[in-house]
Student: 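I'd like to ask some things about the structure below.
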Amino acid sequence: MAVRQYSPAVDEYFWRPAPRVHGNDIAGAAGSIESGTQVVVAAELAAGRLKNVGFRLFACPHIMACCNWLAEQLEGEAPEALQQVLVQDLRQKFDIPVEKAGKLLILKDALDACYNSYQQRSTKG
Amino acid sequence: MAVRQYSPAVDEYFWRPAPRVHGNDIAGAAGSIESGTQVVVAAELAAGRLKNVGFRLFACPHIMACCNWLAEQLEGEAPEALQQVLVQDLRQKFDIPVEKAGKLLILKDALDACYNSYQQRSTKG
Amino acid sequence: MSGSIYLDYAATAPLDPRVRDAMLACMDDRALFGNPSSITHSYGRRAAGVVEKAAHRVAGLVNGAPENLVWTSGATEANNLAIVGTADFRAIRGRHIVTTAIEHKSVLESCKWLESQGYQVTYVHPDRSGAVSPGAIEAALRPDTILVSVMHANNETGMIQDVAAVGAICRAHDVLFHVDAAQSVGKVAVDMGAMQVDLLSINAHKSCGPKGVGALCLDGERIKRITPIMHGGGQQRGMRPGTLPVHQIAGMGATLKILTEEMDTEVARIRGLRDRLWHGIKDLPGVTLNGAGEQRLATILNVSVAQAEGESLRFALQDLALSGGSACNSSSGEPSYVLRALGLSDVLIESSLRLSLGRFTTLAEIDQAVLSFRRGVEYLQAFAPAEVAV
Amino acid sequence: MSGSIYLDYAATAPLDPRVRDAMLACMDDRALFGNPSSITHSYGRRAAGVVEKAAHRVAGLVNGAPENLVWTSGATEANNLAIVGTADFRAIRGRHIVTTAIEHKSVLESCKWLESQGYQVTYVHPDRSGAVSPGAIEAALRPDTILVSVMHANNETGMIQDVAAVGAICRAHDVLFHVDAAQSVGKVAVDMGAMQVDLLSINAHKSCGPKGVGALCLDGERIKRITPIMHGGGQQRGMRPGTLPVHQIAGMGATLKILTEEMDTEVARIRGLRDRLWHGIKDLPGVTLNGAGEQRLATILNVSVAQAEGESLRFALQDLALSGGSACNSSSGEPSYVLRALGLSDVLIESSLRLSLGRFTTLAEIDQAVLSFRRGVEYLQAFAPAEVAV
Ligand SMILES: Cc1ncc(COP(=O)(O)O)c(C=O)c1O
Ligand SMILES: Cc1ncc(COP(=O)(O)O)c(C=O)c1O
């Protein structure tokens, strides 16, 4: 019987949202509500470091938990950290089943898009 | 649900056999064990009347009860009583289901055969 | 999680202690354990008596004939027997069946199996409210139609169909009419005579009775005999073999007896709770009711929550034991075909919840459920991407 | 009559109080009543856990695989599913089935139904002792044989067939092998692996478990999937739809657990009683044992009584609750085809009795049964016509 159980890490981080004030100096998005998963990430830049990293989500508990955790992790990091997030690490930490690989890639795409927006901003600025 | 229940008269007469000493001045039989029902009736004659009427039976409880009752009833009667037994009376008294009509006829045949043996004996004697 | 509030009565319900006692009487009594087929001794005959009494109770509630009732292992088997058994028995007359697109899987899959055997099936679609129009059923009839099967109340939305109107149409066209009343019996009046129903499927466990027992009630005048789907010892007039589970049948009898006695007050009470639940959540943005309209069960609330992803919605509402569709769909993971038929998008179907109430639901539970529901939905909607402009 | 001694365990048996308690745990516990398919909430998952535990217990006793067990409403359904389901699933390979003439009706009638669908069935006859020779089974195999079905122990005579020998033959010829073990499980060792059985039917109620629940155990390596005979919600890996009756399944689990623990001592005790019964009556004139030989169940005594008409014999023995054949035959009134296959005349079959013992049979009951039996038989035989010369 395929019982979907969630890891304790999901239980914990699902309910631990990043602070509600989200920066939007840089932002990235991937997916759509129509497709079942949408991830929007945004942050401010303060002294070249990420600040008030926040997510807007239409996503399953695993992705919700990942994002809440990432918001904590990315705080104060260099923007490069956005693209250094490893799907493999998330999968392990949150015990994410393989059939959710597609959703993890949407998260990854959003982070990459956010990093792109940082790069574009850097180029422009 | 076709539950076969027996009337109180069957319950009573099944277990009330005629005395075990059977006369055999006259006798009659019908049916066979192979066919599932056999009735043998025999009696003595005392002063022209039936005495020690008895049955030998391979028969269902209804017929057994009928015969035990008939043994009582025929005791001391004129031999003509053998052929005056009415199947209809037995059916009523013992509440015999229609599907047993064939078995009742075997009983009737045995009684008739017994009366025949009386007549033959009278002719001879 | 073990303290969660049970709002999944449409999937199954706890056993009523009075039903339990009726079952226990058979389980404990050293005179009542016999095989009802063993009519040559008193153990068997007493067991047969228990079965007969239960048949009267069951038939009594649905205005059926106790002698034309076939005990089954549940409504699934009753539906299979009704559809496959009638189709086979009437095959010489024709091989066309009319049903609806929102039937329970046990009806739909039986029909699909018949299609694989050379029968033809027309699946009538409901309108956006979930109602199947009797006119659409009539329009689907053909000269070779042998059976119409329409459920009384839908297991996902609680929507009640106008089976009496369909019954009249079937009678007029001399077509047999089967009704799956697994969800409706005991919640609305089910009257085989008045509704002109020829075959009726019911079970016990949706009404606080035991799981694993049901019945197919045959009208007896229009249809007395159908082809069995299992073969064996000739029990139940040759229509369904196997040793009768006396305690289960006694339990079903007790279940329907209670329904007969208490339905009216009990349904009113549950309707009150259901409405209280709905009033407590309906102002939340994006919350909509599926299968609205007065013609629905008092026990079911099927709602969609826009802006909240389905799996997360269920995760956030873990302290409410509810269902994302019918229980049968819980393990399949496919979007509900019933909600699809109502025109919902697959994503919205994923974010739909069936909250179903029953005999042991309390006011305190409902008030707690309202709080939990609001907290969960508000939490998720606060994340909703639409609010941020990227 | 209510004080009569129950000697019809082969028809059904009273519920063991320990099984009752296991069932009651599910019936009473407000956390265990869920629908095992409702895996989205804890009520459903806990119920699924109960089912899983029971599967382990059941599979444990027969050395089967718990994950390849299909719960059914009894052995009748298990037999139907095994035979019809396998035949359909393997139809491309062939349409020939081999079985015996003394199977339970649920096997024979399933085979007859398949014959009406274009399959061919060979019914192998037993010898006069009731034994089916494995060689005769082998001789009946054809290139298009897809299934062999042989019962383990016969329900009327208790005769045990050499299923291990048949299993070896089937394996050698790569034909699937089904065994109906409804009567043997818990009375002799049943080992799917050692006996090379691919499909095994069992039930609970013949072993002091609940009526209305059984299982078909699939080997899993040789056969993992068969065509369902009912269609519906996709439960049980698509092989058997319908809400699982958790309390029934828990009861069956408890039943087989008890058998696992107590079989050896219990069978020895019953064999002692059975032999005592036989020794108490065997000197009566005309009393003969049917299906004699060491290879028979310890629980069954099938005797014929010459010179005593069948109905009167049963009437005279009313204080013994026993059976004139299998319970399934009790209502049909036809002479037992099993005893016919042993060469008995129809009249002698009518005068045959099955006395079957079980867990709650006592020494005092057996001694009383001997007295009753002697009294009844002697009373009837005293009437016997053969003794008088007309
Ligand atoms: C409308 C409807 N029909 C049939 C069934 C099947 O009932 P059972 O679980 O008794 O097989 C259900 C419940 O699952 C149902 O809701
Ligand atoms: C050998 C055998 N197979 C199958 C069955 C059918 O079992 P159930 O009553 O569980 O359907 C029985 C009992 O009736 C039996 O004795």
Side-chain angles (χ1 to χ4, degrees), chain C residues 1-2 4 6 8 11-15 20 23-24 27-28 30-31 33-35 37-44 73-74 76-77 79-80 105-106 109-110 112-113 205 210-213 229-235 241-248 314 321-324 327-328 330-332, chain D residues 1-2 4 6 8 11-15 20 23-24 27-28 30-31 33-35 37-44 73-74 76-77 79-80 105-106 109-110 112-113 205 210-213 229-235 241-248 314 321-324 327-328 330-332:
Chain C
M1 209 165 7
S2 46
S4 62
Y6 193 73
D8 208 6
T12 195
L15 198 66
R20 163 208 190 268
M23 295 172 70
L24 215 53
M27 291 162 67
D28 282 348
R30 279 292 158 86
F33 69 85
N35 186 329
S37 294
S38 305
I39 53 170
T40 55
H41 57 67
S42 55
Y43 293 90
S73 61
T76 291
E77 185 184 336
N79 284 341
N80 274 263
K105 279 269 180 192
S106 52
E109 295 294 322
S110 291
K112 285 199 187 123
W113 185 80
H205 76 95
K211 299 183 206 354
V213 62
I229 55 174
M230 291 197 255
H231 317 279
Q235 290 96 338
T243 303
L244 286 174
V246 184
H247 65 294
Q248 294 275 89
R314 292 190 295 273
L322 41 71
S323 182
C328 307
S330 296
S331 39
S332 77
Chain D
M1 220 182 339
S2 46
S4 62
Y6 193 74
D8 207 6
T12 195
L15 199 64
R20 163 206 190 269
M23 295 172 70
L24 214 54
M27 290 162 68
D28 283 348
R30 279 293 158 85
F33 70 85
N35 185 331
S37 294
S38 305
I39 52 169
T40 55
H41 56 68
S42 55
Y43 294 90
S73 61
T76 291
E77 185 185 335
N79 284 340
N80 273 263
K105 279 272 181 192
S106 52
E109 295 294 322
S110 292
K112 284 197 188 124
W113 185 80
H205 77 95
K211 300 184 206 350
V213 60
I229 56 174
M230 292 197 254
H231 317 279
Q235 290 97 337
T243 304
L244 287 174
V246 183
H247 64 294
Q248 294 275 91
R314 291 191 295 273
L322 40 71
S323 181
C328 307
S330 296
S331 40
S332 78

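Model, not experiment: these values are computed from the prediction. Note on naming: letters A, B, ... go to the chains in the order of the sequence lines (proteins, then strands), and numbering restarts at 1 for each one. Only this structure's heavy atoms are used, side chains among them; waters, hydrogens and symmetry mates stay out.
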Student: In terms of heavy-atom pairs under 4.5 Å, which option from D/Ala13, D/Pro210, D/Gly212, D/Ser106 contacts chain C the most?
Tutor: D/Ser106
Student: Under the rule for ring-ring contact (aromatic ring centres under 6.0 Å, His included), what residues qualify as partners of C/His205, not counting sequence neighbours?
Tutor: none
Student: Under a 4.5 Å heavy-atom cut-off, does chain C meet the side chain of D/Val246, its backbone, both or neither?
Tutor: both
Student: When rounded to the nearest 0.5 angstrom, what distance separates CD in C/Glu77 from CD in D/Glu77?
Tutor: 6.0 Å
Student: Which bit of C/Leu24 comes within less than 4.5 Å of chain D, counting heavy atoms only: side chain, backbone, both or neither?
Tutor: side chain
Student: State, to 0.1 Å, how close C/Arg30 and D/Pro14 come at their nearest heavy-atom pair, and which atoms those are.
Tutor: NE-CB, 3.7 Å
Student: How long is the gap from CZ on D/Arg20 to CG on C/Asp28, to the nearest 0.5 Å?
Tutor: 4.0 Å
Student: Between the main-chain N or O of C/Gly34 and the side-chain N or O of D/Tyr6, is there a donor-acceptor pair closer than 3.5 Å?
Tutor: no
Student: C/Gly232 and D/Glu109: which non-hydrogen atoms are nearest, and at how many Å?
Tutor: O-CG, 3.5 Å
Student: What distance do C/Met23 atom CE and D/Met23 atom CE have between them, rounded to the nearest 0.5 Å?
Tutor: 6.0 Å
Student: For residues C/His41 and D/Ala321, report the shortest heavy-atom separation together with the two atoms involved.
Tutor: CG-CB, 3.6 Å
Student: Determine yes or no for a side-chain-to-main-chain donor-acceptor pair under 3.5 angstrom, with D/Lys211 supplying the side chain and C/Phe33 the backbone.
Tutor: yes
Student: Would you give the length of the straight line joining atom CD of D/Gln248 to atom CD of C/Gln248, rounded to the nearest 0.5 angstrom?
Tutor: 3.5 Å
Student: So, for D/Leu322 and C/Thr40, which heavy atoms are closest and what is the spacing to 0.1 Å?
Tutor: O-OG1, 3.5 Å
Student: Closest heavy-atom contact between C/Ser4 and D/Ser42?
Tutor: OG-OG, 3.6 Å
Student: Which heavy-atom pair separates D/Gly242 from C/Thr76 by the least distance, and what is that distance?
Tutor: CA-OG1, 3.4 Å
